[in-house]
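Structure first, commentary second.
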Number of protein chains: 2
Amino acid sequence: MDKSQDALVLLRQIIRATDLHDKHLSRMTGLTMPQLLTMQTLRINGPLTIGMLAKEMNLAQATVTSILDRLERKNLVRRERSHTDKRKVLACPTDEGLELLKSAPATLQDTFIRQFEDMHDWEQSMIVAALEHVSHILGAHHLDAAPMLDIGALDRTNESGIPDYLKSEQNSLKN
Amino acid sequence: MDKSQDALVLLRQIIRATDLHDKHLSRMTGLTMPQLLTMQTLRINGPLTIGMLAKEMNLAQATVTSILDRLERKNLVRRERSHTDKRKVLACPTDEGLELLKSAPATLQDTFIRQFEDMHDWEQSMIVAALEHVSHILGAHHLDAAPMLDIGALDRTNESGIPDYLKSEQNSLKN
DNA sequence: TTCAGTATTTTGTAATGCAAAGCAATCTAT
DNA sequence: ATAGATTGCTTTGCATTACAAAATACTGAA
């Protein structure tokens, strides 16, 4: 009958699955979730200033500073001052840090991609279309998101328009 | 071309949107995210023992105890010892607690349901089918999920089978 | 009664998370 | 040039999470 209930339950299942996978990864790597999120964000985006990192992760700068302190102590991240603007500090993942992520158990998106690509072309299209629909309904199509499921937050708003509880500023990318 | 990348980006957008909405709700209600999650869990499930609550939220019992301490101090939750088994303590949302949730801004699922029900029947079916597919791929179809998006975690594993990083015990429901 | 098991709280420690204050570098307008 | 505003990060102080291990309280069975 009520397809909207069905859809909501399925969405919750999906979100929950990624959440549980995150916690699993966290245990495997010995990092806390915020630390893991930080590493993943750096892996995807490359070196970032602390401010950009904080914006990406939707956290206060002070919070990111203390997370980086611990990651640096573990030699997973290195801080490097920008040459062009010495106020800025770049957080760079170390080789050891990247290695840790690589050695982590098969990521959820690996599983997803493998099974997704086994599907018929029309099935793939149907799923993408449906997800687009849902994303639009939730006002999520504005959000800049990396193609990875593992950890639960990249940030950034683009356009105007839809739900207003996302009002971060535009970002200028230049270190 | 690469539809799997598209699908992953869309999924991340969706997950991210619910996360941002959670943080928004958190600010509006003046509760932290774990506190909000606790209240929502109680709203959905009704009074629960501390142990059940912890299992639902995928947290340690000790953690839930301290969260409840603060919610109780705010008069949003009341503790009540079970009569039949005096070891057990039931966490009951107070009227004030339920009121707080009700006065919260329009929930994400309200938006979702409203727009979803405006769609054609075949579109609804397509979306549900696609979500089922995705849920299955992620091994999420086992997860017991309430039909609500607002806050990011209800727990519980059912069957055997798929991804093994969800190994909570079976739950016996009787206070 | 005694004892193993169950349910919760207490204790102790580490990590988040943030606002506000502090500092250093840069920019802007004089 | 240079005072004042701004930007970018860290420090400080505080409240909250989060969890393991120990302590407490109750139950049910031998």
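Keep in mind that what you see is a predicted model, and the values were worked out from it rather than measured.
The listed nucleotides are D/dA18, C/dA20, C/dG17; the one nearest the side chain of B/P34 is D/dA18. Considering only the side chain of A/Q61, D/dT10 comes nearest among C/dA7, D/dA18, D/dT10. Looking at the side chain of B/L59, the nearest of the listed nucleotides C/dT8, C/dC18, D/dC19 is D/dC19.
Remark: the B/S135 side chain and the A/Q13 side chain contain an N/O donor-acceptor pair separated by less than 3.5 Å.
As rounded to whole Å, 14 Å separates atom C1' of D/dT16 from atom CG of B/L68. When the C1' atom of D/dA18 is taken as reference, atom CG of B/L37 falls 14 Å away, rounded to whole Å. At whole-Å resolution of the value, CE in A/M57 and P in C/dC18 are 10 Å apart. Taking atom CG on A/L36 and atom C1' on D/dA18, their separation rounds to 16 Å, with Å as the unit. In this structure, CG of A/L31 is placed 17 Å from P of D/dA18, rounded to the nearest angstrom. In this structure, CG of B/L53 is placed 14 Å from P of C/dA7, rounded to the nearest angstrom. The separation between B/R73 atom CZ and D/dA15 atom C1' is 10 Å, rounded to whole Å. Per the geometry, CZ belonging to A/R27 stands 12 Å off C1' belonging to D/dC19, to the nearest Å.
Here the shortest heavy-atom pairing between B/L131 and A/A7 reads CD1-O, 3.8 Å.
Taking for each of B/D69 and A/K74 the nucleotide of DNA chain C with the nearest heavy atom, the 5'-most of the two is the partner of B/D69. Toward the 5′ end of DNA chain C lies the nearest nucleotide of B/R79, the other residue of the pair B/R79 and A/T63 mapping further downstream.
No side-chain heavy atom of A/L100 sits less than 4.5 Å from a side-chain heavy atom of A/E96.
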Handout entry: Sugar-phosphate or base contact per nucleotide [nucleotides 22-30 of chain D; S, B, -; heavy atom under 4.0 Å]
Key = ----BS---

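With A/E56 contributing its side chain and A/T41 its backbone, the two residues share no donor-acceptor pair below 3.5 Å.
Between B/T65 and C/dT9, a side-chain N or O to OP1/OP2 separation shorter than 4.0 Å is present.
Considering CD of B/Q40 and CG of B/N45, their distance stands at 11.0 Å, rounded to 0.5 Å.
The side chain to side chain contact (heavy atoms under 4.5 Å, CB included) test applied to A/K74 returns A/L31, A/Q35, A/L76, not counting sequence neighbours.
A/D95 and A/R78 are not joined by a salt bridge, as no carboxylate oxygen comes within less than 4.0 angstrom of a charged side-chain nitrogen.
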